[in-house]
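Scroll down for the structure; my scribbles are underneath it.
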There are 2 protein chains.
Amino acid sequence: MSRYKPTIEDVARVAGVSRATASRVINNAPGASGPLRVRVQAAVAELGYQPNETARALASGRQRTVDVIAITYGPGIDWLGTHPYFSRVLAGMMPVLEVVNAQLRLHALGHETAAEMIDEIAENTTIGAVLADITPALATRFYRRCRRTVSMVPTASSVPAMQADNIGGAYTAVNELHRLGRRRIAAIHGPALNPCAIDRRTGYLRAIRRLGLTKVDADGDFHREGGYHAAKKLLEQHPDIDAMFIACDLMAAGAVQAITATGRRVPDDVSIIGFDDSIASVCSNPTLTTMRLPVEDMAAAATRLLLEGDPAPGHRQRFPVDLVLRDSTRN
Amino acid sequence: MSRYKPTIEDVARVAGVSRATASRVINNAPGASGPLRVRVQAAVAELGYQPNETARALASGRQRTVDVIAITYGPGIDWLGTHPYFSRVLAGMMPVLEVVNAQLRLHALGHETAAEMIDEIAENTTIGAVLADITPALATRFYRRCRRTVSMVPTASSVPAMQADNIGGAYTAVNELHRLGRRRIAAIHGPALNPCAIDRRTGYLRAIRRLGLTKVDADGDFHREGGYHAAKKLLEQHPDIDAMFIACDLMAAGAVQAITATGRRVPDDVSIIGFDDSIASVCSNPTLTTMRLPVEDMAAAATRLLLEGDPAPGHRQRFPVDLVLRDSTRN
DNA sequence: CGTAGACCTGAGAGCGCTCTCAGGTGAAAC
DNA sequence: GTTTCACCTGAGAGCGCTCTCAGGTCTACG
């Protein structure tokens, strides 16, 4: 049987004060004299009292919870476990929440059930919600019900969002490969509907056009297997490829394996630049030059923004996407 | 300004019924006739009513939240973002929680503040808590306050736990390397105080002794950099090493890079077996043969166990650690 | 027609806590 | 000694919902 859980009522009785005074002492609020403070604190210690957060939240109207929403596109929610992105979001948020003693609630939804859940979450969110991954349509729907929202991915213009320069990042990557003397620069893109992937594709195409090169590209899925197969296919169809810009490190890691498997060397024969600067970029061999998406910084900023109150509609906070040099472009 | 949030009171008024009846309909509880049901549902739709989960939790005494606790050993909580383990735990839990419509609350704590927070969390947990990473001492402390607890890592005997055969896994790995003809089998261990790392070290030592080999090992930190440097050092001191058992894929990925950097080839010159079967094992090049720690399965089982009620003290659920063959041992 | 029994329905008492507000106390000022 | 004011303190009204329980309605049966 579970132990009896003391309430603030018990603390007050033991300390010989009213519930209100006990509450004041427990919350470190002003308006309780020294002697009473001591008595209440003694009672708290004696009973091992811990406030009930639920009751506290209901009574005060405020709660200390930030919701994180991750909607995967495929069936199930496999992405969560295999893609480094999500844990980076969480890692960025936690330290910020820790200092204000707030909690993090994670909602990972399959694409099918997402729409119904969205409303329930929006209505019950307290400090606010960080949309880690979501479609523009669902983001808008969520935002309509809850204004304490920040998106981590590109969305409709009204939803406050953290905005990384995906287009510029891709553009920079292609230019870097060109600078290294590469002229046959292929690309492996992300999912056609993914907003970040779309921007990175745009950046690639823009740079290719500007440099007067010919585009050589394939679609991927932001996963390693997709990168592996796309690279293999590209190399078969265009054996003269001497560089690849790959829209995600996970795919880039797969591509490196595929390139190695054809007997080519990285970076000697094919130079590689990935995207994200995730754990995959340093686990790969050689390590991957990549465009750093500052996910932790973005997540931390999103959290801070929520903590400050309702973000202004259309609020944007911009983040650079910088080149991180590693071995896959070392000549 | 935020919209007015309708309460069940509003629904009842609009539907022309009592709060109790509205509650019955909303919760799909028996005891409300057809006509009233329809009226209440219409009112819910009209007002866009969503129940307040906090109030519901307080009134009913039950809440639908599972807490996940991850305590990192070092300063800060960097592990969360860089180590694939945590997202695998979350990924394993989410599908189970989804079907019962429960939520997941994440607590990532630095080692310094952990002790104080533990009590507060324990006292406020509802469905229960999954201890993703924790020291035995803190696990016991937590368990004393809250019996709805399952640990994912080895702990004191009373705390219910998911138990993977870390010793056996390490033992199997070394035997496999021996079977492949390797005789100079080094090891890179995990943090000295990490319970899983301790077991894997034990398994290595046991196998080495049984096979009549000499131990050659170094300490790592479960991170890539640690693996890199440990491998480099081992190779300098013992150039004849022809295989390595590495207690974590992340370190193994680093070790592969270090080995390659010395001009040796994997697996030709040095055969590698990692541990975990995390994303790092497939991002590495060549891909890593590894001992699969079924984290998702363990997390799912832990969650299911909590959903069933208080687990029996000392409850253990065992999981095999199987060999997954990939390229780093391909001859 | 009376009555038992099944089924609805709503009033109201909390869940544990916060917070306002009225009253009470004591020191300082006149 | 009276008044003023600052500071404490506790009573009590909720926060929004659940759930028990008493009463009310309706059907079926003797």
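If you're wondering where the values come from, they're calculated on a predicted model, not measured in any experiment. Lettering follows sequence order; numbering is per chain, from 1.
One interatomic measurement links the two molecules: CG of D10(B) to C1' of dC15(D), which rounds to 14 Å at whole-angstrom precision. Distance, Q50(B) CD to dC17(D) C1': 15 Å, rounded to whole Å. Regarding E9(A), its CD atom lies at a distance of 12 Å from the P atom of dG14(C), rounded to whole Å. In this structure, E120(A) atom CD and dC17(D) atom C1' are separated by 15 Å, rounded to whole Å. Rounded to a whole Å, the CZ atom of R19(A) is 21 Å from the P atom of dC8(D). E53(A) places its CD atom 15 Å from the C1' atom of dC15(D), with the value rounded to the nearest Å. Distance, R56(B) CZ to dC15(C) C1': 15 Å, rounded to whole Å. Computed from coordinates, the I8(B) CD1 to dC15(D) P distance equals 14 Å when rounded to whole Å.
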Just do the salt bridge (Lys or Arg N to Asp or Glu O under 4.0 Å) check on R147(B) and D310(B) with the steps written out, would you?
CA-CA 6 Å; R147(B) 309 199 75 76; D310(B) 289 19; 5.7 Å; no
Please report the C-alpha distance between E120(B) and R64(A) in whole Å, then the side-chain angles of each, then the deciding distance to 0.1 Å, and finally whether the salt bridge (Lys or Arg N to Asp or Glu O under 4.0 Å) criterion is met.
CA-CA 14 Å; E120(B) 187 184 329; R64(A) 308 189 327 276; 3.8 Å; yes
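Which of dC15(C), dC19(C), dC19(D) sits closest to the side chain of L58(B) comes down to dC15(C). Distance from the side chain of T21(A) is smallest to dG10(D) among dT18(D), dG16(C), dG10(D). The S18(B) side chain lies nearest to dA11(C) when the options are dG12(C), dA11(C), dG10(D).
Tested against I127(A), the residues L307(A), T65(A), V100(A), L104(A) include a single side chain to side chain contact (heavy atoms under 4.5 Å, CB included) partner, L307(A).
Proximity of a side-chain donor or acceptor of D10(B) to a complementary backbone N or O of T7(B) within less than 3.5 Å is detected.
Between dC17(C) and S23(A), no contact under 4.0 Å exists linking OP1 or OP2 to a side-chain N or O. Dashed line: the shortest gap from a side-chain N or O of N27(A) to OP1 or OP2 of dT18(C) is under 4.0 Å. A sub-4.0 Å separation between OP1 or OP2 of dC17(D) and a side-chain N or O of S60(B) is absent.
When side chains are defined from C-beta on, V130(B) does not count as touching M162(B), because their heavy atoms never get closer than 4.5 Å.
Heavy-atom nearest nucleotides on DNA chain D were determined for R24(B) and for Y49(B), and the one closer to the 5' end corresponds to Y49(B). Mapped onto DNA chain C by nearest heavy atom, A59(B) and G16(B) fall at different nucleotides, with G16(B) at the one closer to the 5' end.
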